[in-house]
Amino acid sequence: MFRKLLLFIILAVAVTSYAGDSAVKVEYDGKIEIHNLHKDVRYVLNRKHVFTNVPQNLLFNQVTIMNGSAHKKIKVTVPDNTVLHICLDSGLNTKKKYKSELNEYIRYLQRQGWRTAGKITTSDTRMKYLRVFTKMFYKGASEEFLGLGFPGVMIIAKSIELEKAKE
């Protein structure tokens, strides 16, 4: 009896661990790369600044990295049952015009169900940290994100695939 119960539990864990394993598809029309997220990974392609402290729950997820100050939109297709995280500029040392725009965008994201999920610190003395937001997608969806601030928007997920932007 105990063996059957143990086997059932192991099978249940194995089945549920594969839920949401489909890749998040990212469409972007500029230079972009995918990296595993951990300490000492560059957070923009055209600078040497790196992540210095990454929350445990985000370690070794994949993250999109692009050139700093790109200010382009990213389109993301999220599969069913997926937790998606995004990283945005901290707003520290940001020009007043851009800071206002960034704060308004954050309010918009929060109205759309995005929740604050901590921060990732960086070696950039001007930026210091990036703000992390998270949302659970029970049903697949497409989202478009604005590339505000110096690093733009970074997509963080268990698995990411890049797609060439459609003209």
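As the structure is a prediction and not an experimental result, all values here were calculated from the model. Sequential numbering from 1 along the given sequence is applied to the chain's residues.
- Contact check on Glu163 versus Lys75 returns no salt bridge, with no Lys/Arg side-chain nitrogen under 4.0 Å from an Asp/Glu carboxylate oxygen.
- Shown here for Ile32 and Thr64, the closest heavy-atom pair between the two residues is CD1-CB, 3.7 Å.
- Here the shortest heavy-atom pairing between Tyr28 and Lys73 reads CD1-O, 3.4 Å.
- Judged by distance alone, the side chain of Thr121 and the main-chain N or O of Asn53 form a donor-acceptor pair under 3.5 Å.
- Contact of the Thr116 side chain with the Phe133 side chain is registered, since non-hydrogen atoms from C-beta on lie closer than 4.5 Å.
- A side chain to side chain contact (heavy atoms under 4.5 Å, CB included) with Phe51 is found for one member of Asp40, Ile65, Leu58 and no other, namely Ile65.
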| task | In sequence, state the C-alpha distance, the side-chain angles, and the governing distance for Arg115 and Gln110, and then conclude on side-chain contact (heavy atoms from CB on, under 4.5 Å). | result | CA-CA 6 Å; Arg115 298 294 166 244; Gln110 290 172 331; 4.2 Å; yes
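- Panel note: side chain Asn61, backbone Ile156; no donor-acceptor pair is recorded below 3.5 Å.
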| field | Pair His38-Phe60, side-chain contact (heavy atoms from CB on, under 4.5 Å): steps then yes or no | value | CA-CA 6 Å; His38 57 84; Phe60 299 102; 3.7 Å; yes
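- When all heavy atoms are compared, the tightest approach of Val54 to Lys39 is CG2-N, 4.1 Å.
- A donor-acceptor contact shorter than 3.5 Å is absent between the side chain of Arg131 and the backbone of Gly118.
- In terms of hydrophobic clustering, with Ile, Leu, Val, Met, Phe, Trp and Tyr side chains grouped at heavy-atom distances under 4.5 Å, Val76 and Met136 are assigned to different clusters.
- Nearest approach of Glu144 to Tyr105, heavy atoms of both residues: O-OH, 4.0 Å.
- Thr134 and His85 form a side-chain donor-acceptor contact under 3.5 Å, judged by distance and modelled atom types alone.
- The two residues Lys158 and Gln62 have their closest heavy-atom pair at O-CG, 3.9 Å.
- Leu84 is listed as a side-chain neighbour of Ile155, based on a closest heavy-atom distance under 4.5 Å.
- Closest heavy-atom contact between Lys135 and Gln112: NZ-O, 2.7 Å.
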| request: Assess whether side-chain contact (heavy atoms from CB on, under 4.5 Å) is satisfied between Leu162 and Glu27, documenting all intermediate values. | output: CA-CA 6 Å; Leu162 294 179; Glu27 194 177 303; over 6 Å; no
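- In summary, Lys25 and Glu161 engage in a salt bridge, as defined by a charged side-chain N under 4.0 Å from a carboxylate O.
- Separating the CD atom in Glu104 from the CG atom in Leu146 is a distance of 11.0 Å, to the nearest 0.5 Å.
- Aromatic ring centres of Phe145 and Trp114 lie closer together than 6.0 Å.
- Under the 4.5 Å side-chain criterion, counting only non-hydrogen atoms from C-beta, Thr77 is not in contact with Val24.
- Counting only N and O atoms by type, the side chains of Ser123 and Thr52 include no donor and acceptor under 3.5 Å apart.
- A heavy-atom distance below 4.5 Å is found between the side chains of Tyr138 and Asn81.
- Looking only at atom types and distance, the side chain of Tyr43 has a donor-acceptor partner in the side chain of Asp124 under 3.5 Å away.
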| request: May I have the step-by-step check of side-chain contact (heavy atoms from CB on, under 4.5 Å) for Glu33 and Leu45, ending in yes or no? | output: CA-CA 8 Å; Glu33 294 178 7; Leu45 296 175; 3.4 Å; yes
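- Residues Cys87 and Val153 fail the side-chain proximity criterion, which asks for heavy atoms closer than 4.5 Å.
- Inter-residue side-chain proximity for Val50 and Val41 is flagged as unmet; no heavy-atom pair is nearer than 4.5 Å.
- Taking the side chain as every heavy atom from C-beta outward, Leu88 and Ile106 approach each other to under 4.5 Å.
- Both Val78 and Tyr108 are part of a single hydrophobic cluster, where members link through side-chain heavy atoms under 4.5 Å apart.
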